[in-house]
Protein chains: 2
Amino acid sequence: MLETTNERAGMPAVSATQGRSPGNAGTQRRKAGRPSAAVLDKAGITAGALKLISRKGYDGLTMAALAKQLEVAPSALYNHVAAKRDVLLLVEDHLTALVDVSGFGTASWEQAVRTWAWSYRNVFAEHTPLIPVIAVLPVTDAPQTLAMYETVSKGFLAAGFPQERVVSSIVALESFIFGSAYDVTAPEDIFESGSMAESTPNFTAAVRSSAGVPGRPADVAFELGLEALISGLGALRG
Amino acid sequence: MLETTNERAGMPAVSATQGRSPGNAGTQRRKAGRPSAAVLDKAGITAGALKLISRKGYDGLTMAALAKQLEVAPSALYNHVAAKRDVLLLVEDHLTALVDVSGFGTASWEQAVRTWAWSYRNVFAEHTPLIPVIAVLPVTDAPQTLAMYETVSKGFLAAGFPQERVVSSIVALESFIFGSAYDVTAPEDIFESGSMAESTPNFTAAVRSSAGVPGRPADVAFELGLEALISGLGALRG
DNA sequence: CCGCTAAATGAATGCCGTTCATTTATTAGA
DNA sequence: TCTAATAAATGAACGGCATTCATTTAGCGG
């Protein structure tokens, strides 16, 4: 629980320990037993996971690869997390802190929601494998996520939303945001009907004419749905 | 490559082939080599996967378990699907055919969308592990899915939607539907803030007052968002 | 000083998707 | 009608995965 941020500053401890034979590429082993300075902590694990994700994607995020990244044996990770799910949780909470909630309290409700929703979608579009985790995640375990909900709730209440509709309104928006995050990852030709085009004339024509609309398709659809939700939900204010 | 559709009609061939000694629990071995009557086909694999999913959930859907369910060696499956992803695809396309599109052509656009969206959400709420697959799935590979899009597109066009907005409107609705399907699976106490309740007074109060609203929380939020989308998108008709 | 606990290693486990060589049956073509 | 190609099954094997366990070592509290 300490989360001592200091030990994450420099190189991992092993780098100072090794290098006795110059020219060794840094693959030197650490002996068994507890090291004098702790090598791992949750912040370091989070940082290592993020680096691994950005370099190799979520397929590359394995406990073995994460251990290697941190220059540690895989089993050492289990002194700090109970399972891989906990690593994903750390990453999720870290990312949620990046979502822009600054509009609440400074801008109109409509504009604050716009900023928040676009930011939220953009952050998780790069991290869709986390979405199934988030969906089942009790907020208790994710303090930053809880903080985000607090700010957003306060904004909704200040805008005149009746208390009992705040959570369901946020959930509706969030559902749209998560679904739209997936949409960003879809391949461009996802709607190419190929050989069955003749049997689906209406859909095929609609897809064709969509091609002329400026902007990324996922952005166009998100804009459309978000504005519909904002005006529809906004009408329910007291 | 044949994909002879006829062999998909009846029960999987295995049911007719086995059980030579009645009372035998079906653990009988088959010799190596091609059997006279084909044991596997895509319809049988789909049915086996669905049975497995309903009994053991998606964690229980492994290639080994599926093979056992179909009384076949695991490697035999790879004569019919290239990878496990293909099995999920078969399941997805099967489920999409269960989505109710009957409102399009018979009811108002609003009512047709309502029926379609609720049905779509309910079907996939039980199958959320498919959602990441659907998101990346080119429709070419899923004929039933393509058929659904055709019916829905036709309904939107008939309701007066400009052609170039049909696809993005459907995508926006679908994003909301997929996100909401996840929401159904969330545990009841997902918003219990626990020990941090004092630092999140607005959110905690909102969660408390939500408890008084009748209906399942996921349903309330879905209703709210869906009606907002219907009125917001409906305003864009020509 | 001594024992407990924390944090590391390294070996081992069981499951998973997938591949490959092999066997056998069907089918197409000369 | 023989024959070669192909299709569909078995069974053994593979590498990778998350996770567990015994062991070693270091620091801390009584």
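Quick note on labels: first sequence line is chain A, next is B, and so on, each numbered from 1. None of the values given here were measured: they were computed from a predicted structure.
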Can you check nucleotides 4-6 of chain C for protein contacts, nitrogen or oxygen pairs under 3.5 Å, and list what you find?
unit_1: C:dA6; atom_1: N3; unit_2: A:R34; atom_2: NH1; d: 3.4

>> Can you pull out the residues from residues 48-56 of chain B that lie within a 4.0 Å heavy-atom distance of DNA chain D?
In response: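 By residue number: none to list.
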> Could you give the distance from CD1 (A:I131) to CD (A:E92), rounded to the nearest 0.5 Å?
Replying inline: 10.5 Å
Is any side-chain heavy atom of [X] less than 4.5 Å from a side-chain heavy atom of [Y]?
X	Y	result
B:L130	B:Y58	yes
A:L173	A:L226	yes
A:L88	A:L61	yes

What's the [atom1]-[atom2] distance between [X] and [N], to the nearest Å?
X	N	atom1	atom2	result
A:I45	C:dA7	CD1	C1'	11 Å
A:L70	C:dT9	CG	P	11 Å
B:D41	D:dA9	CG	C1'	14 Å
B:K68	D:dA9	NZ	P	19 Å

> Is any side-chain N or O of A:N79 under 3.5 Å from a base N or O of C:dA8, one able to act as donor and the other as acceptor?
Replying inline: yes
>> Ignoring hydrogens and geometry beyond distance, is a side-chain donor-acceptor pair present between B:E174 and B:Y149 at under 3.5 Å?
In response: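 A pair is found: one side chain offers a donor N or O, the other an acceptor, under 3.5 Å apart.
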> In chain order, what residues pass the side-chain hydrogen bond (donor to acceptor under 3.5 Å, both in side chains) check against B:T200, with sequence neighbours excluded?
Replying inline: B:T204
> Who pairs with A:D93 by side-chain hydrogen bond (donor to acceptor under 3.5 Å, both in side chains), at least two apart in sequence or on another chain?
Replying inline: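 Listed in chain order: A:T145.
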>> Does C:dA8 have OP1 or OP2 under 4.0 Å away from a side-chain N or O of A:H80?
In response: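 Affirmative; the distance criterion is met.
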> What residues form a ring pair (Phe, Tyr, Trp, His ring centres under 6.0 Å) with B:F176, not counting sequence neighbours?
Replying inline: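 So B:F176 forms a ring pair (Phe, Tyr, Trp, His ring centres under 6.0 Å) with B:F222.
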>> Walk along nucleotides 15-21 of chain C from 5' to 3' and tag each nucleotide B, S or - by protein heavy-atom contact under 4.0 Å, base first, then sugar-phosphate.
In response: -SSBBB-
> Taking the six-membered ring for Trp, is the centroid-to-centroid distance between B:F178 and B:Y182 below 6.0 Å?
Replying inline: no
>> Tell me whether B:D219 is salt-bridged to B:R121, with the criterion being a basic N under 4.0 Å from an acidic carboxylate O.
In response: yes
> For B:K68, does the NZ atom have more than 12 heavy-atom neighbours from other residues, nucleotides or ligands under 6.0 Å away?
Replying inline: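 Atom NZ in B:K68 is not packed in, count stays at 12 or less.
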